[in-house]
Amino acid sequence: MKSLVIAEKPSVASDIAKALGGFEKKDDIFEREDLVVASAVGHLLELVAPEEFEVKRGKWSFAHLPVLPPYFDLQPLPKSEQKLKTLARQIKRKDIGRIINACDAGREGELIFRTIVQYTKAKQPIARLWLQSMTPSAIREAFNHLRTDEELMPLADAARCRSEADWLVGINGTRAMTAFNSKEGGFFKTSVGRVQTPTLAIVVEREEAIRRFVSKPYFEVHARFEAKAGDYLGRFVDPSFKKDELHPEHRAERLWDRAQAEAIVQACMGGKAVVSEESKSASQSPPLLFDLTSLQREANSKFGFSAKNTLGLAQALYEKHKVLTYPRTDSKALPEDYIPTVTATLAALGGLDGFGGMGEIARHAQTVLNQQWVRPNKRIFDNTKVSDHFAIVPTGQLPRSLSEPEQKIFELVTRRFIAAFFPASESLVTTRFSRVGDHSFKTEGRVLVVPGWLAVYGRSAAEEAESLVAVAPGETPAVGEVELQSHHTKPPARYSEATLLSAMEGAGKMVEDDELREAMSGRGLGTPATRAAIIEGLLADTYLHRDGRELIPTAKAFQLMTLLRGLGIPELSRPELTGEWESRLRQIESGALRREDFMDEIAAMTERIVGQAKNFSSDTIPGDYITLATPCPACGGQVKENYRRFACTRCEFSITKTPAGRTFEPSEVETLLETRTLGPIDGFRSKLGRPFVASLRITGENKLEFDFGQGADDDDAPPPDFSNTERLGDCPKCSAGVYALGSSYICEKATGPSKVCDFKSGAMILQQTIAPEDMRELLSTGRTRLFDGFVSARTRRKFKAYLSKGPDGKIGFEFEARSPSKGNPKASTKSSAKAGAKAEMKTEIKAEVKTATKKAQAKKA
């Protein structure tokens with residue numbers, strides 16, 4: 001009988017086969033007399049409620065909450081279904097007498113394996129291959145010391161508990177908050193989760209701090225001193241200053257009284273300085289190796305890459321190019337037996353000398369080898385700091401045909417890897433105090449003496465040799481100029497992806513309870529592999545939006561935090577929940593807590609969350625609501641926000657905050673009240689869940705209505721007034737002006753009883769929003785940017801395309817050009833298929849526009 005080895009990824013299966021030797025490869029399977037090695041591709045299955053417990057209709061109603069199935073079923077993930085079928089065939093072979101779990105050594109690896117075994121109903125006995133290192137010797141050693149299935153059952157229980165608890169809280173929390181927000185009609189999906197909602201809370205709380213912030217003026221006094229060897233600058237400081245936790249904005253150099261600052265200026269002008277200074281050496285150790293989160297932070301700071309993009313690039317460098325090790329890691333260390341591999345990698349990196357612009361990296365790698373700096377070092381080689389995977393480092397394989405972004409990530413990792421073995425940098429730091437009467441001025445200088453690891457980043461002692469001009473013993477430099485500078489305190493900075501990743505990683509520091517903080521140490525919110533997806537999910541759910549590199553919470557995010565606070569459900573927005581779970585899961589792993597007891601606790605918490613939302617009796621949720629600057633359009637009274645609406649305090653005028661599931665931003669409401677119209681804007685969803693674009697208007701009866709521009713198709717209706725509307729460009733059919741109208745862009749001569757043109761294009765085409773700037777570009781250049789959000793009406797699949805203007809003025813799709821692959825007989829077929837798709841999509845775009853323009857009446861919001 002043979003043993004079937006199931007690895008987590010194809011690359012690991014390949015490494016195992018190479019290390020053990022003697023295998024023949026058939027498709028994705030490696031086989032020899034006694035072993036078959038196959039692999040998953042990460043998670044292949046997801047949890048679902050059993051058919052008899054799943055609610056098909058009305059699942060967003062309180063009547064069907066909470067959902068607490070007595071057990072869970074599994075269903076294949078669509079993208080991984082073929083891989084699952086391949087594994088199932090191997091498991092059901094009659095010659096397979098044992099299954100060896102070779103998935104990653106940790107909770108998630110255990111979960112991936114257990115779900116496969118459960119779904120395929122495997123009956124064979126199980127053994128565990130526990131791999132902390134992927135060197136051939138480590139793999140062979142692990143095979144000689146397989147662990148028993150019983151030994152790993154507590155870890156499997158903890159893995160299942162984490163997965164099922166996340167499902168229960170996510171499903172019930174999201175459905176309960178959605179049901180609450182949809183009480184007054186419509187459908188307003190409100191997603192929550194154990195990790196995503198506390199992450200959102202971090203950003204919202206920072207934005208609240210920014211909004212509360214009141215800037216204060218302060219002053220600094222700067223002076224120029226004239227020494228015999230040259231001039232130098234100094235800044236006034238109070239030598240007796242002590243930090244005050246109640247006033248963190250206070251600094252030794254800040255003065256809060258202008259008169260006091262002016263007095264210092266007057267007292268120092270024309271004076272002489274008594275100089276004292278102190279010099280001391282300072283060393284800076286090289287940075288630690290990259291884990292995924294630190295790589296994402298660095299790439300965001302240096303290049304502006306999103307966390308998602310960095311993960312994708314690192315994954316491509318690992319899977320496709322094989323130049324980096326596995327990227328989804330939370331470890332910054334290497335295994336202690338990895339020293340020979342590091343030496344071999346550095347030797348291989350010497351071959352980079354032949355690659356354009358990378359010769360310098362090759363020389364630094366050679367320096368490490370020549371100086372024999374690779375030696376046992378707990379900062380780098382430490383088994384206790386290696387979790388499921390070790391740090392991200394180069395494999396030693398030389399890169400070929402990397403894209404520019406891939407090249408940047410590869411160089412970032414490679415420089416960090418080489419720098420880690422260099423000695424510390426050493427600097428001479430000089431602090432000088434120039435005392436003029438009773439007033440002290442501070443000047444600092446830093447001289448890089450030994451570049452050490454900074455040399456890998458292009459820093460040298462010669463380039464960093466600028467230092468303070470010398471002051472002879474007993475010399476009293478004259479005060480040349482004294483300047484009073486006015487400043488204002490600044491609010492805390494908004495989060496970027498880099499700083500939010502840091503906050504998620506260090507979320508445990510926000511927890512006051514010592515035990516919970518310890519449970520979260522080294523983990524934080526999410527894992528390195530999931531943090532990028534969490535941020536992208538918050539962006540996709542419109543809780544956040546990007547503005548340059550800043551992440552800004554939307555009105556929808558503030559509304560969710562207001563709801564959770566008002567309902568008294570802090571566990572959904574605070575990191576303590578993750579801390580509590582980690583503490584309990586560790587108890588399960590150690591055998592101190594039963595799986596059933598933990599799941600009973602989760603069920604009780606889920607019932608409380610649903611109960612709080614279901615039984616809330618007040619008309620509105622308490623919160624910190626705004627008062628609009630624009631008066632009521634009906635009576636001129638003051639309009640205030642409450643949880644659900646913007647309502648006049650004097651008359652009955654009010655409008656919903658969430659028309660068709662989209663939350664108003666305060667600035668949008670101000671525009672709507674002032675001009676009585678807004679749009680076209682996207683983000684709306686129909687009762688069937690389909691996205692749409694529309695304008696909003698306040699009618700003569702002061703009601704809020706959708707405006708789809710349907711009046712443009714009414715031959716008896718007067719033409720719209722475009723005098724206060726921005727002209728987007730020339731009509732491609734008649735050269736008249738094109739304007740936004742309702743949910744369309746339309747030629748000014750294509751409306752009213754005397755229309756002579758028929759140009760019209762939707763502001764949303766196949767679920768892709770076409771913004772005014774996109775239409776402007778289309779009209780002026782003949783083509784838009786590349787969109788990646790079109791959804792085929794036939795197949796429901798997403799596709800990428802440009803919108804282009806044809807010679808006849810009609811709008812159609814244009815697809816990315818692809819060069820035929822050498823020796824690919826299917827190239828011409830693909831080209832023909834693409835041409836066919838283009839024709840099909842032109843038909844779809846016409847249908848989409850036609851559907852939008854057939855809406856006969858505006859709907860009440």
Side-chain angles (χ1 to χ4, degrees), residues 9 11 42 134 286-334 341-342 345-346 348-365 368 380 388-422 453-454 456-458 496-502 504-505 526-536 546 548-549:
K9 297 168 291 293
S11 61
M134 290 304 299
L288 297 172
L289 299 171
F290 280 125
D291 65 358
L292 178 58
T293 300
S294 58
L295 177 61
Q296 288 170 321
R297 285 201 307 262
E298 189 84 355
N300 183 256
S301 299
K302 283 186 179 294
F303 313 127
F305 294 170
S306 70
K308 178 185 178 183
N309 286 346
T310 299
L311 174 56
L313 292 167
Q315 195 74 20
L317 290 167
Y318 162 68
E319 288 183 353
K320 178 182 176 183
H321 302 287
K322 304 189 187 306
V323 295
L324 294 184
T325 57
Y326 185 69
R328 297 169 183 260
T329 175
D330 61 357
S331 176
K332 297 180 181 179
L334 297 173
T341 304
V342 166
T345 299
L346 288 166
L349 291 175
L352 289 171
D353 202 21
F355 289 74
M358 300 187 73
E360 177 198 359
I361 293 177
R363 289 189 290 276
H364 289 309
V368 176
I380 302 172
D388 299 2
H389 307 280
F390 51 74
I392 306 171
V393 295
T395 61
Q397 186 161 320
L398 300 183
R400 299 186 185 281
S401 305
L402 298 185
S403 66
E404 183 182 350
E406 288 171 341
Q407 177 88 5
K408 287 179 175 179
I409 296 298
F410 175 73
E411 285 197 27
L412 206 61
V413 174
T414 303
R415 285 187 190 275
R416 176 70 70 95
F417 171 68
I418 295 170
F421 298 98
F422 267 67
W453 65 272
L454 291 172
V456 180
Y457 293 90
S496 64
E497 286 204 38
T499 55
L500 182 56
L501 286 167
S502 295
M504 294 173 73
E505 186 178 39
T527 67
T530 61
R531 286 174 190 142
I534 290 162
I535 294 173
E536 290 297 324
R546 285 193 183 97
R549 294 192 184 184

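Along the sequence shown, the residues carry numbers beginning at 1.
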- Does S496 offer a backbone N or O that forms a donor-acceptor pair with the side chain of T499 under 3.5 Å? yes

- For the student: nearest non-hydrogen atoms of R531 and G526, plus distance: NH2-O, 3.3 Å

- At what distance, to the nearest 0.5 angstrom, does OH of Y326 lie from CG of L292? 9.5 Å

- Pairing of R546 and E497 as salt bridge, 4.0 angstrom limit: yes

- Item | Value rounded to 0.5 Å, distance of CZ in R297 from CZ in F290 | 9.5 Å

- Item | Straight-line distance of W453 CH2 to H364 NE2, nearest 0.5 Å | 12.5 Å

- Task: Search all heavy atoms of F305 against all heavy atoms of K408 and return the closest pair with its distance.
- Result: CZ-CD, 4.0 Å

- Does N300 reach the side chain of T310, with side-chain heavy atoms less than 4.5 Å apart? no

- Polar side-chain atom of T329 near backbone of I392 as donor-acceptor pair, under 3.5 Å: no

- Quick one: OG1 on T530 to CD on E536, what's the gap to the nearest 0.5 Å? 13.0 Å

- Task: Please name the pair of heavy atoms, one in Q296 and one in A532, separated by the smallest distance, quoted to 0.1 Å.
- Result: NE2-CB, 3.5 Å

- I361 side chain reached by I418 side chain, heavy atoms, under 4.5 Å: yes

- Query: Should I535 and L501 count as side-chain neighbours, where that means a heavy-atom distance under 4.5 Å?
  - Reply: yes

- Message: Would you say that T345 contacts V393 through its side chain, given a criterion of any heavy-atom pair below 4.5 Å between the two side chains?
- Response: no

- Heavy atoms only: give me the nearest L352-P399 pair and the separation to one decimal. CD2-CD, 3.7 Å

- Task: With the side chain counted from C-beta on, respond yes when K332 and R416 share a heavy-atom pair under 4.5 Å apart, and no when they do not.
- Result: no

- Query: For atom NZ of K308, is the number of surrounding heavy atoms from other residues, nucleotides or ligands below 6.0 Å larger than 12?
  - Reply: no

- Query: Mind checking whether E505 and S294 have side chains closer than 4.5 Å, heavy atoms only?
  - Reply: no

- Message: Any non-hydrogen side-chain atom of D330 less than 4.5 Å from a side-chain atom of T293?
- Response: no

- Note on the structure: So ring-ring contact (aromatic ring centres under 6.0 Å, His included) across residues 394-419, not counting sequence neighbours, yields F417-F421

- Message: Can you tell me how far apart CG (L346) and OG1 (T414) are? Round to the nearest 0.5 Å.
- Response: 10.0 Å

- Item | Any R328 side-chain heavy atom under 4.5 Å of Q315 side chain | yes

- Task: Drop me the distance from L313's CG to F303's CZ, to the nearest 0.5 angstrom.
- Result: 10.5 Å

- Item | Test: E406 and K320 ion pair at under 4.0 Å | no

- Message: List the residues meeting side-chain contact (heavy atoms from CB on, under 4.5 Å) with S401, not counting sequence neighbours, and say none if there are none.
- Response: none

- Where is the tightest heavy-atom contact between S331 and D291, given as atom of each residue plus distance? O-CB, 3.3 Å

- Between L412 and K302, the two heavy atoms sitting closest are CD1-CD, 3.6 Å

